[in-house]
Each structure stands twice: as structure tokens, then as C-alpha cells.
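Note that the coordinates shown come from a computational prediction; the quantities given were computed from them, not determined experimentally. Throughout, residue positions are numbered sequentially from 1 according to the sequence presented.
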Amino acid sequence: MKKKLAVLLVAAAMLTGCGGGQESAAPNEQPAQEPAAETVEEVEVSEPEAVPVEEESAEDTTQASDKVVLKCVCDLTPHSEILNAAADQLAQEGIELDIVSTTWDATWNDMLIDGDIDFAYFMHVPAMESIEEEMGATLYSMGGVHVEPYACFSDKYASKDELPENAVIAIPNDSSNEYRALKVLEKEGFLKLNPDMTAIDASVDQIEEYMIPIEIVEMDQANIIPSAADFDAYFVNVNRALEANIDTTAYLMREGEDSEYANIITVTEANKDNEAIKKLVSVLQSDETKKFIEENFNGAVIPAKQ
């Protein structure tokens, strides 16, 4: 807004008086004249404009309040890599992940069942069912993300046909993975299994006949790779092979790509209807995430069939 200021300068006339009468002008002297008023000037003065104060938009406030943080545990490879690759997609859904641990130990099951985390991403359905039976818990699969075809490797031989008679083969002693290893050995013609064997009761006691002479050693999977030199061949999860920088394309035998053992997002009753978990699974099953899996693991990890 602008205001106008006026400046008026006027010179006062000098008058003299005596005895109550007016003095006559001297001869030839001109009477004093009143000077003319000066012209009024208008000066424009600018007022400083108000500076707008930025306020947080309602949209920003809503986005901040809508963000959900999901806590989880997962294996380092490929699980955490897949989750991290999906971070931007999840952020668009208002979801942030807090990966509590990527080094497996038995407390992971307790953390899930006790509600210390929102979901687990390291098991398949048979493993989930085994944990349910062992711990008396009820767990839920929210959907499969990827498959790691179970494989047999060797530091000594390039193919299964090179394995010597009575070859010593290490297999994991947890029932679900032992089941997978034994089923591969049966498929490859090494042995015949009890047709009633399940992932819950799998063990060498379920072998009905050896078709090719081999010696099977059952042991904790965590100890197999460190002692691989003691065996002619060994079975491990592909994620453990990847972590150990084993060439996962150089396997002797493995499950087919139609393996039913998809790695799943596992939750308890408290989160089976959690909308954020459902959005998470949708992102992990998206074409973008499938493309990441196909392009980064050289066939050792494949997207799960929906």
C-alpha cells in the first residue's frame, strides 16, 4: 500500500504598524508583496511487502502419520537383498522395514511367536508347520516370494556321475531340509524311500533301499559348508551357498524349478489381517520384484509361482 505525503512551504509577509495606524510607503518605494506559495509535491513511499510463512501441507502431515514400520528377521542372502530392492515400492505404500537380524539363530522363532517382530522371511511351509508342531504355535503364510531349489554341491567332483561308490554325502538333520535332500537322492536314483515319509518325520530311517551304494551323514546344516572337505558331496540351502560364494550353477543335482518350497512371509494371528503386511506381500510378488530376482541370482533363486 502506498501513502501520499504533501509538503507545503509558505514564506510569511513582513508587516510593520504604529500608533494604531498604517504607515505610508516612502516615495518611489514599492510596497512589499507576499511571495507566491510553492508547488505541492507528491512523493510515493513503498511499504515493505509481507513475507509468506511456509506451512507444512496437510498432505505431508498425512503421509508422515500414515507411515508404518514393520519389524522382521530374514536371511542375509537373498532375502534381505530382495527386501532392500523393494524399499522404494514399499515407501510408496507408506511402509518402512526394520530388519532386526540377518543371522539366524533359534531365537528367531521365539521373536516371531512372542510378537517382538511383525513377520519372518526365512522359512517355507513345511518348515513353518514343523515349528508349529515343535512350539505349539499357530503361524500363517501370507504368500510365497521366491524359491531356492535345494541342491547338492561338491568340492571334489564336477558331476554326480563322477561320485565314487560309497560316496559320503552330508545332508542337514532338520526334518524339512532332510526331506528335500532325500527326495532329490531318490529322484536321481540313489535310493528308495518309504512312500509315507513326510517332511515332519524325514530321516535316514525312512530309506527302504539303496539303489547305488552311498553313505549319508546327517548333521546341523550350519556345520556342513565349514566341513565340506570331509565329504564327497553335500546338500545345503542355496542361500547358504550364495553367502559362502559357492558357484550355485555348479551343482551335482537339485530340485526342479517347480519346487513347492517357496520362501514365505510368515506371521502370527496378530498380523494375519494386517493391511501393511498384505501390501508388503503384494510388492514382493510384483513384476518389478520378480525381475530383480531373475536378473540378480543367476537362476539359483527364482520367483515363486503364485
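The shortest distance between side-chain heavy atoms of Met123 and Trp108 does not fall below 4.5 Å. With a 4.5 Å cut-off on side-chain heavy atoms, Tyr210 and Ile216 count as touching. Counting heavy atoms from C-beta on, the side chains of Leu83 and Cys72 come closer than 4.5 Å. Contact of the Val147 side chain with the Ile302 side chain is registered, since non-hydrogen atoms from C-beta on lie closer than 4.5 Å. Looking only at side-chain heavy atoms (C-beta outward), Asp75 and Thr102 stay at 4.5 Å or farther from each other. No side-chain heavy atom of Glu275 sits under 4.5 Å from any side-chain heavy atom of Val68. Gln206 places none of its side-chain heavy atoms less than 4.5 Å from the side chain of Thr198. For the pair Asn166/Glu215, no side-chain contact is recorded, criterion being any heavy-atom separation below 4.5 Å from C-beta on.
For CG of Asp98, the number of neighbouring non-hydrogen atoms (other residues, nucleotides, ligands) closer than 6.0 Å is greater than 12. Atom NZ of Lys305 has 12 or fewer heavy atoms from other residues, nucleotides or ligands within 6.0 Å. Within 6.0 Å of CD on Glu133 lie no more than 12 heavy atoms contributed by other residues, nucleotides or ligands.
Across all their heavy atoms, Leu70 and Phe119 have their closest contact at CB-CE2, 4.0 Å.
Looking only at distances, a side-chain donor or acceptor of Asp118 sits under 3.5 Å from a matching main-chain atom of Lys71. Not a single donor-acceptor pair under 3.5 Å links the side chain of Glu93 to the backbone N or O of Lys279. In this structure, the side chain of Lys156 engages the main chain of Ala229 through a donor-acceptor pair within 3.5 Å. The closest donor-acceptor contact from the side chain of Thr289 to the backbone of Val283 lies under 3.5 Å. A distance-only check finds a donor-acceptor pair linking the side chain of Glu255 to the backbone of Tyr150 [under 3.5 Å]. At least one donor-acceptor pair under 3.5 Å links the side chain of Ser175 to the backbone N or O of Ala199. At least one donor-acceptor pair under 3.5 Å links the side chain of Lys187 to the backbone N or O of Arg254. In this structure, the side chain of Gln285 engages the main chain of Gly144 through a donor-acceptor pair within 3.5 Å. For Asn298 (side chain) and Ala300 (main-chain N/O), no donor-acceptor pair under 3.5 Å exists by modelled atom type. Here the side chain of Asn194 pairs a donor or acceptor atom with the backbone of Asp196 at under 3.5 angstrom.
For the pairing with Cys74, the side chain to side chain contact (heavy atoms under 4.5 Å, CB included) check across Ile99, Asn239, Ile82, Val100 returns one residue only, Ile99.
For the atom pair Glu218 CD and Asn177 CG, the distance stands at 12.5 Å (nearest 0.5 Å). Atom CD1 of Ile293 is separated from atom NE2 of His146 by 7.0 Å, given to the nearest 0.5 angstrom. One finds the OG atom of Ser203 at 10.5 Å from the CG atom of Asn173 (value rounded to the nearest 0.5 Å). Within the model, atoms OH of Tyr179 and CG of Asp201 stand 9.5 Å from one another, a figure rounded to the nearest 0.5 Å. Rounding to the nearest 0.5 Å places CZ of Phe292 at 6.0 Å from CD of Glu81. To the nearest 0.5 Å, the span separating CG on Leu90 from CG on Leu284 amounts to 6.5 Å.
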* To do: Give the intermediate values and the outcome of salt bridge (Lys or Arg N to Asp or Glu O under 4.0 Å) for residues Glu288 and Lys291.
  => CA-CA 5 Å; Glu288 188 172 338; Lys291 183 178 180 182; over 6 Å; no
* Asked: Going through the checks in order, is the side chain to side chain contact (heavy atoms under 4.5 Å, CB included) test met by Leu163 and Phe190?
  -> CA-CA 11 Å; Leu163 288 173; Phe190 285 89; 4.2 Å; yes
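Ile200 and Met135 fall into different hydrophobic clusters, where Ile, Leu, Val, Met, Phe, Trp and Tyr side chains are chained together by heavy-atom contacts under 4.5 Å.
Other members of the cluster containing Val236 are Phe153, Val168, Val217, Met219, Ile224, Ile225, Phe231, Tyr234, Ile246, Tyr251, with ILVMFWY side chains joined at under 4.5 Å, either directly or via other members.
For the residue pair Asp161 / Ser159, no side-chain donor-acceptor distance below 3.5 Å is found, with atom types taken as modelled.
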